[in-house]
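Here the structure comes first, spelled out in C-alpha cells, and everything after it is commentary.
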Amino acid sequence: MKIYAHRGNKSEYPENSLAAFQSAVELGVEGIELDVHLSKDNEMVVIHDETLDRTTNKSGEVQTLTLAELKQANLLNVDGSVSEELLPTLAEVLNLLDELTFTGDLNIELKTDQNEYQGIEKLVKELIESKPRSYPIIYSSFNWHTINRMKKLEPQAELALLFAQPLMTYQHLIPEIAPHGLHIDFRLVAQLESAYQGDLPLRLWTVNDLADIRNWLLNEERNIEVIMTDYPRQALALRSELASN
C-alpha cells in the first residue's frame, strides 16, 4: 500500500510548502498530494484554502490577489510561527520535484469546489506538458465538471473523484463520470462500498491516527491503494515495522 504525503510533510513543515514537499521526497513517500488555485492574474498557486488567512501571515482571497501580492505572504510553521517559506507556484513545485528526481505519484487537486477558476484545467495541463518529469500525475477534484473538462483536454490523464460526506448521495454517477480512482474520506469507506460495487482503487484521506494507519495497512480484503497522511514519517516507519514482522 502506498503512502502519500498530504500537502507534503505538513506535520513538520508549513503545509503545501517547498520545504514540506522536499521533506516528503527525502522520506521516500510514494506520492505527494497538493492543492492548486488561481491568482487574480491567472497564476497557479499551491495552497489549500481559498484565502490566505489560516496558513499565512496575510489575509485575503487568493483569487483577488496577484501573484506578486501573494508572494508577500509567509507560510506559517506547524506551531503557528511565521516561517521563511513563501506560497509556492505549481511551476516551482514541479521544478523542485524534477531537481529531486522524484519518482512517486503527484496528486494535483484542482480546488474548484468553491470557485470555478475558469480555464484552470487548461492552464495546469499546459504547464505539466511544458515541464520534464519522471513521475505520473493524478488529477483530482470535488468538482465533477472539472474532472470532465480534464478528460476532454487530456483523454489519457489519470483522473480521480474526491468524496466527502455531502457527495455520498451521488455515488450512482461514478460509472457515468468514469474516473480512474476514488479519493475518499477514510471514515466513509463502508458507506461507499454499500452502494458502489465497482473495483476502482480507493485512496484514503486523511489518515493521521497511527491505529487507523495500522488497520488500513493490515487490511488486504479491500481495494485500498493509498493512504494519505499528514504524518508520512510515522506512517512509513509503521509500514516498515509491519513488513518486518
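- Between Asn148 and Thr146, the side chains place no donor N or O within less than 3.5 Å of an acceptor N or O (distance only, hydrogens not considered).
- Scanning both residues, Met168 and Phe163, for their nearest heavy atoms gives SD-CD2, 3.8 Å.
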- [ ] Take Glu92 and Lys71 through the test salt bridge (charged side-chain N to carboxylate O under 4.0 Å, His left out) and record every step on the way to the result.
- [x] CA-CA 12 Å; Glu92 288 170 336; Lys71 280 294 187 179; 2.8 Å; yes

Open item on the list: Checking Asn143 against Glu116 for the side-chain hydrogen bond (donor to acceptor under 3.5 Å, both in side chains) test, could you report, in this order, the C-alpha distance in whole Å, the side-chain angles of both residues, the deciding distance, and whether it holds?
Closed with: CA-CA 9 Å; Asn143 185 333; Glu116 280 286 345; 3.3 Å; yes

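- The number of heavy atoms from other shown groups lying within 6.0 Å of CD (Glu26) is above 12.
- Residues Asn208 and Thr229 have side chains that bring a donor and an acceptor to within less than 3.5 angstrom of each other.
- In this pair, Tyr135 and Phe102 present their aromatic rings tilted. The plane angle is within the 30 to 60° band.
- Closest approach of Asn219 and Met1 over heavy atoms only: O-CE, 4.1 Å.
- There is a side-chain donor-acceptor pair under 3.5 Å between Asp41 and Ser39.
- In this structure, Val93 and Pro88 approach most closely via the heavy-atom pair CG2-CB, 4.1 Å.
- Across every non-hydrogen atom of Ser23 and Asn9, the tightest pair is OG-ND2, 2.9 Å.
- More than 12 heavy atoms of other residues, nucleotides or ligands sit less than 6.0 Å from atom CZ of Phe186.
- Here the shortest heavy-atom pairing between Arg203 and Ala160 reads NH1-CB, 3.9 Å.
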- [ ] I would like to know whether Lys125 and Glu154 meet salt bridge (charged side-chain N to carboxylate O under 4.0 Å, His left out); could you show each step before the answer?
- [x] CA-CA 8 Å; Lys125 171 186 178 291; Glu154 191 176 350; 5.7 Å; no

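- In summary, the side chains of Lys131 and Asn95 do present a donor paired with an acceptor at a separation below 3.5 Å, with no hydrogens or angles considered.
- Formation of a donor-acceptor pair under 3.5 Å by the Ser130 side chain with backbone atoms of Leu127 is found in this model.
- Counting only distance, with no hydrogens or angles, the side chain of Asn57 and the backbone of Ala73 share no donor-acceptor pair below 3.5 Å.
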Open item on the list: Would Leu34 and Leu90 count as a side-chain contact (heavy atoms from CB on, under 4.5 Å) here? Give the steps.
Closed with: CA-CA 9 Å; Leu34 56 77; Leu90 180 58; 4.1 Å; yes

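- Asp35 and His48 form no side-chain donor-acceptor contact under 3.5 Å, judged by distance and modelled atom types alone.
- Taking a 6.0 Å sphere around NE2 of His180, one finds it holds more than 12 heavy atoms contributed by other residues, nucleotides or ligands.
- Separation of atoms CE (Met44) and CD1 (Ile128) is listed at 8.5 Å; rounding is to 0.5 Å.
- Between the side chain of Asn77 and the main chain of Asp79, no donor-acceptor pair closer than 3.5 Å is present.
- For Glu121 (side chain) and Met150 (main-chain N/O), no donor-acceptor pair under 3.5 Å exists by modelled atom type.
- Salt bridge annotation for Arg233-Glu12: present, with a cationic side-chain nitrogen under 4.0 angstrom from a carboxylate oxygen.
- Leu162 and Leu192 fall within a single hydrophobic cluster, where Ile, Leu, Val, Met, Phe, Trp and Tyr are joined by side-chain heavy atoms under 4.5 Å apart, directly or via other members.
- Ser141 places a side-chain N or O within 3.5 Å of a backbone atom of Leu110 that can act as its donor or acceptor partner.
- Between the Thr112 side chain and the Tyr117 main chain, no donor and acceptor come within less than 3.5 Å of each other.
- Within a 6.0 Å sphere centred on CD of Glu220, heavy atoms belonging to other residues, nucleotides or ligands number 12 at most.
- The pair Glu50-Lys111 fails the salt-bridge criterion, with no side-chain N (NZ, NE, NH1 or NH2) lying under 4.0 Å from an Asp/Glu carboxylate O.
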TODO: Apply salt bridge (charged side-chain N to carboxylate O under 4.0 Å, His left out) to the pair Glu30 and Arg239, showing each step before the final yes or no.
DONE: CA-CA 12 Å; Glu30 288 86 19; Arg239 187 180 66 181; 2.7 Å; yes

Task: Residue pair Glu193, Arg222: steps toward the salt bridge (charged side-chain N to carboxylate O under 4.0 Å, His left out) verdict - done: CA-CA 9 Å; Glu193 290 177 332; Arg222 286 169 160 162; 2.9 Å; yes

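- Within a 6.0 Å radius of CZ in Arg133, more than 12 heavy atoms belonging to other residues, nucleotides or ligands are found.
- Checked by atom type and distance alone, the side chain of Asp105 never pairs as donor or acceptor with a backbone atom of Asn107 at under 3.5 Å.
- Taking all atoms of both residues into account, the shortest heavy-atom contact from Leu97 to Ile32 is CD2-CD1, 4.0 Å.
- One N or O on the side chain of Thr66 and one on the backbone of Glu69 form a donor-acceptor pair closer than 3.5 Å.
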